[in-house]
There are 2 protein chains.
Amino acid sequence: MPEPLGEFQRRMLEFIVNYIRREGMPPTNREIGKAMKIASTGHVDYHLSMLEKRGYIIREAKKSRGIKLTRHPWGIPVEGTIAAGEPIEIFSEPDQTIEVGHGVDPESSFALIVRGQSMIEDHICDGDYVVIKRQRTCENGDIVVAVHLVEGTPGKATLKRFFLEKEQVRLQPANAELEPIYIPRDEWDREWEIQGKVIAIVRHYGGSGRAA
Amino acid sequence: MPEPLGEFQRRMLEFIVNYIRREGMPPTNREIGKAMKIASTGHVDYHLSMLEKRGYIIREAKKSRGIKLTRHPWGIPVEGTIAAGEPIEIFSEPDQTIEVGHGVDPESSFALIVRGQSMIEDHICDGDYVVIKRQRTCENGDIVVAVHLVEGTPGKATLKRFFLEKEQVRLQPANAELEPIYIPRDEWDREWEIQGKVIAIVRHYGGSGRAA
DNA sequence: TCAAAAGTAGAACGGCTATTCGAGTCAATG
DNA sequence: CATTGACTCGAATAGCCGTTCTACTTTTGA
């Protein structure tokens with residue numbers, strides 16, 4: 001739906017979104033100009049009209065701070081789905097977001113949709129959203145998104161509980177039917193990466209979400 | 001913390017909150033005046049300074065729409081805890097809220113903290129928040145908050161799955177150790193009330209929330 | 001190459017905004 | 001009764017805001 005934007009207008013929209021998130025109100029044209037190092041308010045008006053024409057904002061004429069975002073900025077991106085018995089790809093589903101409250105920083109968080117029963121004993125069901133906080137490290141017992149690097153690039157990802165044991169890392173599913181993954185320390189350090197840990201789960205009943 | 005407000009200022013604050021929720025920006029003093037049928041902008045300014053002095057808002061001097069709420073308006077109230085094996089009271093814990101996204105109407109929704117394991121087989125754990133949409137009716141299989149009326153006034157509440165059977169209503173816990181509650185139709189109609197149904201659950205890991 | 005489109009700047013205008021001031025009403029309190 | 005505090009109004013003011021206009025430069029595309 002929304003036409004792609006040039007670099008400048010993309011940064012301008014980003015400023016507006018962050019301003020709203022920070023201040024609780026949209027910025028004035030002059031505040032935008034100052035932040036974008038634009039000397040002229042007419043110039044700002046021009047770019048705003050571009051953003052409006054392309055469907056990113058709606059402006060209310062003559063009203064101070066009369067900018068509305070067409071998509072509210074509170075959601076965190078849903079970056080894909082995650083399994084389950086077998087590690088699967090994290091595929092990007094752009095534009096889909098889920099709202100989890102202002103306490104969660106959308107810069108450092110994202111969500112995944114759980115597929116399968118691999119975490120069922122932790123009461124995380126098929127269809128649940130898991131909210132992930134991006135971090136490279138974690139503690140024993142954390143539920144983490146672990147990625148197996150293939151030739152340096154991210155390969156398959158899996159959702160498991162993390163345990164650092166003597167000579168190995170154990171990635172433990174919460175399902176008695178599934179075997180844990182054991183990874184020697186050196187291989188772990190070389191070929192694996194923590195992408196983040198689960199800080200919350202959200203389950204919707206009825207209508208859209210499944211998880212009956 | 002916040003001093004109580006008079007009726008008028010309470011309604012004024014309510015208007016501001018709703019305006020922000022609706023418009024995505026705070027109202028101007030004149031818009032407040034118009035909504036509250038106040039003829040003078042100075043008069044609005046006076047009441048705003050009262051709201052600020054009593055800790056409900058923060059104003060940024062000279063800025064248009066320079067009103068910030070001290071507590072953001074996106075949360076839905078957490079009205080208490082709910083059991084478990086035995087029905088317990090819904091006790092009011094004022095001021096505590098949980099954010100669940102703009103899709104949930106805070107007028108018609110609230111949240112409860114689950115205590116105990118009565119819904120564990122539906123993967124609702126001790127410490128989870130259940131988001132309830134207020135409604136008087138429900139369909140078979142819905143998870144509902146059912147209240148047993150004692151002499152016409154709300155008595156004990158319980159969280160169960162609802163099933164309408166031939167001559168009775170069955171309130172089914174999701175825990176094999178617990179017995180369902182069977183209620184004859186006439187007693188149900190007379191002494192029980194649906195307070196709402198579960199539309200979502202939220203679980204926080206680490207820090208505040210429990211649910212390890 | 002040349003013309004159109006897109007981007008930039010500055011200034012100016014009229015309306016909007018928050019704030020202040022002076023004056024007044026009303027109820028409660030001593 | 002006099003006083004105080006809370007509330008209300010109307011008017012005035014200085015500054016802020018969105019918009020428009022003209023002029024200029026750069027980029028695009030045929």
Side-chain angles (χ1 to χ4, degrees), chain A residues 2-70 73, chain B residues 2-70 73:
Chain A
E3 303 175 37
L5 290 176
E7 163 68 10
F8 185 82
Q9 283 167 14
R10 195 194 55 73
R11 281 200 302 122
M12 186 160 144
L13 180 63
E14 187 181 337
F15 167 76
I16 295 171
V17 170
N18 286 337
Y19 188 102
I20 292 176
R21 216 176 342 235
R22 194 173 62 245
E23 304 290 338
M25 68 184 95
T28 66
N29 291 16
R30 279 172 177 80
E31 286 168 335
I32 296 171
K34 197 170 181 183
M36 304 302 294
K37 300 201 193 307
I38 291 176
S40 159
T41 57
H43 186 185
V44 173
D45 187 75
Y46 165 75
H47 282 299
L48 285 178
S49 66
M50 289 297 110
L51 286 179
E52 184 170 33
K53 192 170 71 175
R54 296 180 187 179
Y56 288 88
I57 63 172
I58 294 172
R59 295 201 293 170
E60 283 190 77
K62 311 276 186 181
K63 280 183 81 169
S64 70
R65 306 178 187 273
I67 298 172
K68 283 184 184 177
L69 301 171
T70 49
Chain B
E3 303 176 38
L5 290 176
E7 165 67 10
F8 184 84
Q9 283 167 17
R10 195 195 56 74
R11 282 200 303 121
M12 184 160 147
L13 179 63
E14 188 182 336
F15 167 77
I16 296 171
V17 169
N18 287 338
Y19 188 103
I20 292 176
R21 220 183 330 244
R22 193 173 63 245
E23 304 289 340
M25 68 184 95
T28 65
N29 291 18
R30 277 172 179 77
E31 287 168 333
I32 296 172
K34 196 168 181 183
M36 303 302 293
K37 303 203 192 305
I38 292 176
S40 160
T41 58
H43 186 184
V44 174
D45 187 73
Y46 165 74
H47 282 298
L48 285 178
S49 66
M50 288 298 109
L51 286 178
E52 183 169 32
K53 192 169 74 175
R54 296 178 187 181
Y56 289 88
I57 63 173
I58 295 172
R59 295 202 293 169
E60 284 190 77
K62 310 277 188 183
K63 281 183 81 169
S64 70
R65 305 177 188 275
I67 299 173
K68 284 185 184 176
L69 300 172
T70 49

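The chains referred to below are lettered A, B, ... by the order of the sequence lines, with proteins before strands, and numbering in each begins at 1.
Residue Asn29(B) places none of its side-chain N or O atoms closer than 4.0 Å to OP1 or OP2 of dT17(C). A close approach under 4.0 Å does occur between a side-chain nitrogen or oxygen of Arg65(A) and OP1 or OP2 of dC17(D).
Nearest heavy atom pair, residue Pro26(B) against residue Arg65(B), reads O-NH1, 3.0 Å. Nearest heavy-atom pair across Pro27(B) and Ile20(B) is CD-CG1, 4.4 Å. Nearest heavy atom pair, residue Glu60(B) against residue Glu23(A), reads OE2-OE1, 3.7 Å. Of all heavy-atom pairs spanning Tyr56(B) and Leu13(B), the tightest one is CD2-CD2, 3.4 Å. Across all non-hydrogen atoms, the minimal contact from Met12(B) to Val44(B) is CE-O, 3.9 Å.
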Pairs: protein N or O with nucleotides 24-30 of chain D N or O, under 3.5 Å:
none

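The distance from atom CE of Met25(A) to atom C1' of dA18(C) is 13 Å, rounded to the nearest whole Å. If you measure from atom CD of Glu60(B) to atom C1' of dC16(D), you get 14 Å, rounded to the nearest angstrom. Taking atom CG on Asp45(B) and atom C1' on dT8(D), their separation rounds to 13 Å, with Å as the unit. The separation between Ile57(A) atom CD1 and dG18(D) atom C1' is 13 Å, rounded to whole Å. Rounding to whole angstrom units, CD of residue Glu31(B) and C1' of dT17(C) are separated by 11 Å.
A search for side chain to side chain donor-acceptor pair (under 3.5 Å) contacts involving Lys62(B) returns nothing, not counting sequence neighbours. Arg21(B) pairs by the side-chain contact (heavy atoms from CB on, under 4.5 Å) definition with Val17(B), Asn18(B), Pro73(B), Trp74(B), Pro106(B), Glu107(B), not counting sequence neighbours. Looking at residues two or more places apart in sequence or on another chain, you find a ring-ring contact (aromatic ring centres under 6.0 Å, His included) between Phe8(A) and His47(A).
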Practice item. Evaluate the criterion salt bridge (charged side-chain N to carboxylate O under 4.0 Å, His left out) for residue pair Arg11(A) and Glu14(A); output intermediate values, then yes/no. Key: CA-CA 5 Å; Arg11(A) 281 200 302 122; Glu14(A) 187 181 337; over 6 Å; no
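Against DNA chain D, the stretch residues 15-24 of chain B makes no heavy-atom approach under 4.0 Å.
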Exercise for review: Would you mind building the protein contact string for nucleotides 3-16 of chain C? One character per nucleotide, 5' to 3', B for base within reach (heavy atoms under 4.0 Å), S for sugar-phosphate only, - for untouched.
Suggested key: ---SSBBBBB----
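Formation of a donor-acceptor pair under 3.5 Å by the Glu31(B) side chain with backbone atoms of Thr28(B) is found in this model. Side chain of Thr41(A) to backbone of Asn29(A): no donor-acceptor contact under 3.5 angstrom is found.
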